[in-house]
Amino acid sequence: MDRNANVKNRIIEVTIELIEQYNGNLKDITARMIAAKANVGLGLINYHFGSKEKLITECVQRIIGKVVTEFQMTKQYETDKERLTTCASCVFDFLFEHSAISRVSILGDLQNYTNNCNSVLTQQGFSLSFKNDISQEDKSMFVFILTAAMQTAFLGSETVKQLLGYDFTKTEDRTAYIGKLVAILFEGMVQINE
């Protein structure tokens with residue numbers, strides 16, 4: 001690995017450590033703090049990433065990507081609906097339990113929506129919940145809508161509370177929202193295919 005790649009990787013590793021150390025409170029992390037901990041000049045952050053914000057976005061994408069790829073279900077489920085509801089509930093809880101990181105990830109994806117962004121990786125993870133009940137074509141549409149509805153509800157949680165009555169500070173309301181959302185999507189897919 002060349003020197004520039006080593007410096008860039010060290011900056012990323014240190015930034016991820018700081019994000020985790022500060023529990024996702026990104027406003028508390030400064031470029032000077034990152035440079036000092038990585039033992040590099042402050043200008044190298046801009047040289048390699050363009051800005052602290054772009055560096056943080058890349059690091060958050062890596063953190064979320066790791067969580068998505070490591071998520072595994074160990075319990076056996078009777079139906080795809082049951083399996084997907086559990087998986088989606090876990091992801092939705094993660095969004096609220098790590099709200100600063102999740103917000104950066106979702107907004108970063110919306111600005112640069114690519115095949116390897118966290119939103120698409122989440123959709124691919126949700127697709128693994130389907131074993132029998134839905135065709136491949138419908139599965140892609142289903143997980144796209146599910147992910148978008150979860151992200152919108154997360155980003156606009158105060159408005160969702162006013163419009164739909166779900167208080168996402170409560171685990172039971174998050175679970176109820178996901179259960180209803182998955183049920184509606186399954187019913188819609190069944191009706192379309194009849």
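- Remark: His48 pairs with no residue by the ring-ring contact (aromatic ring centres under 6.0 Å, His included) rule, at least two apart or across chains.
- In this structure a side-chain-to-backbone donor-acceptor pair under 3.5 Å is present from Thr85 to Lys81.
- Applying the side-chain contact (heavy atoms from CB on, under 4.5 Å) test to Ser127 and every residue at least two apart in sequence or in another chain returns Lys139, Val143.
- Using modelled atom types, no side-chain atom of Asn118 and backbone atom of Ser105 make a donor-acceptor pair closer than 3.5 Å.
- Pairing each heavy atom of Cys59 with each of Ile16, the nearest pair is CB-CG1, 3.7 Å.
- With Thr86 contributing its side chain and Glu82 its backbone, the two residues share a donor-acceptor pair below 3.5 Å.
- Counting heavy atoms from C-beta on, the side chains of Arg83 and Glu78 never come closer than 4.5 Å.
- Here the shortest heavy-atom pairing between Gln151 and Ser119 reads NE2-OG, 2.7 Å.
- Aromatic ring centres of Phe142 and Phe126 lie farther apart than the 6.0 Å criterion allows.
- For Glu97, the salt bridge (Lys or Arg N to Asp or Glu O under 4.0 Å) test picks out no residue, with sequence neighbours left out.
- Atom-to-atom distance recorded for Leu55:CG and Leu44:CG is 11.5 Å, nearest 0.5 angstrom.
- Contacts classified as salt bridge (Lys or Arg N to Asp or Glu O under 4.0 Å) and involving residues 32-47 (residues at least two apart or in different chains) are given here: Glu17-Lys37.
- In this pair, Phe186 and Phe130 present their aromatic rings tilted. The plane angle is within the 30 to 60° band.
- A donor-acceptor pair under 3.5 Å links the side-chain atoms of Asp80 to the main chain of Lys131, judged by distance alone.
- Within the structure, salt bridge (Lys or Arg N to Asp or Glu O under 4.0 Å) pairs that include any residue of residues 142-151 do not occur (at least two apart or interchain).
- A search for side-chain contact (heavy atoms from CB on, under 4.5 Å) contacts involving Ala35 returns Val40, Leu42, Ile45, not counting sequence neighbours.
- By the side-chain hydrogen bond (donor to acceptor under 3.5 Å, both in side chains) test, Thr147 is found to be paired with no residue, residues two or more places apart in sequence or in another chain being considered.
- Summarising the hydrophobic clusters (Ile, Leu, Val, Met, Phe, Trp, Tyr; side-chain heavy atoms under 4.5 Å, direct or chained), the residues clustered with Tyr113 are Val120, Phe144.
- Applying the side-chain contact (heavy atoms from CB on, under 4.5 Å) rule to Lys52 yields the partners Ala31, Ile34, Ile56; only residues at least two apart in sequence or on another chain are considered.
- The line from CG of Asp28 to CD1 of Ile19 is 12.0 Å long, rounded to the nearest 0.5 Å.
- Rounded to the nearest 0.5 Å, atoms CE (Met150) and CD1 (Ile145) are 14.0 Å apart.
- Taken from OG1 in Thr15 to CD in Gln21, the straight-line distance is 11.5 Å, to the nearest 0.5 Å.
- Going from atom CG of Leu164 over to atom OG of Ser157 covers 12.0 Å, rounded to the nearest 0.5 Å.
- Closest non-hydrogen pair, Gly108 versus Thr57, comes out as CA-CG2, 4.3 Å.
- Under a cut-off of 6.0 angstrom, the local environment of CE in Met33 is crowded, with over 12 non-hydrogen atoms contributed by other residues, nucleotides or ligands.
- Within the 4.5 Å cutoff, side-chain heavy atoms of Leu146 are placed close to those of Leu84.
- A heavy-atom distance below 4.5 Å is found between the side chains of Leu155 and Leu110.
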Please tabulate, for the side chains in residues 165-185, all donor-acceptor contacts under 3.5 angstrom to protein atoms that are two or more places apart in sequence or on a different chain.
{"from": "Asp167", "atom 1": "OD1", "to": "Thr169", "atom 2": "N", "distance (Å)": "3.1"}
{"from": "Asp167", "atom 1": "OD1", "to": "Thr169", "atom 2": "OG1", "distance (Å)": "2.6"}
{"from": "Asp167", "atom 1": "OD2", "to": "Thr169", "atom 2": "OG1", "distance (Å)": "3.2"}
{"from": "Thr171", "atom 1": "OG1", "to": "Arg174", "atom 2": "NH2", "distance (Å)": "3.3"}
{"from": "Asp173", "atom 1": "OD2", "to": "Asp167", "atom 2": "N", "distance (Å)": "2.6"}
{"from": "Arg174", "atom 1": "NE", "to": "Asp93", "atom 2": "OD1", "distance (Å)": "2.7"}
{"from": "Arg174", "atom 1": "NH1", "to": "Phe168", "atom 2": "O", "distance (Å)": "2.7"}
{"from": "Arg174", "atom 1": "NH2", "to": "Asp93", "atom 2": "OD1", "distance (Å)": "3.3"}
{"from": "Thr175", "atom 1": "OG1", "to": "Thr171", "atom 2": "O", "distance (Å)": "3.1"}
{"from": "Tyr177", "atom 1": "OH", "to": "Ala149", "atom 2": "O", "distance (Å)": "3.0"}

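- Residues passing the side-chain hydrogen bond (donor to acceptor under 3.5 Å, both in side chains) test with Ser102, sequence neighbours excluded: none.
- Considering only heavy atoms from C-beta on, Ile12 comes within 4.5 Å of Phe49 through its side chain.
- When the salt bridge (Lys or Arg N to Asp or Glu O under 4.0 Å) test is applied to Lys8, no partner is found at least two apart in sequence or on another chain.
- From Lys161, atom NZ reaches atom CD of Glu158 across 5.5 Å, with rounding to the nearest 0.5 Å.
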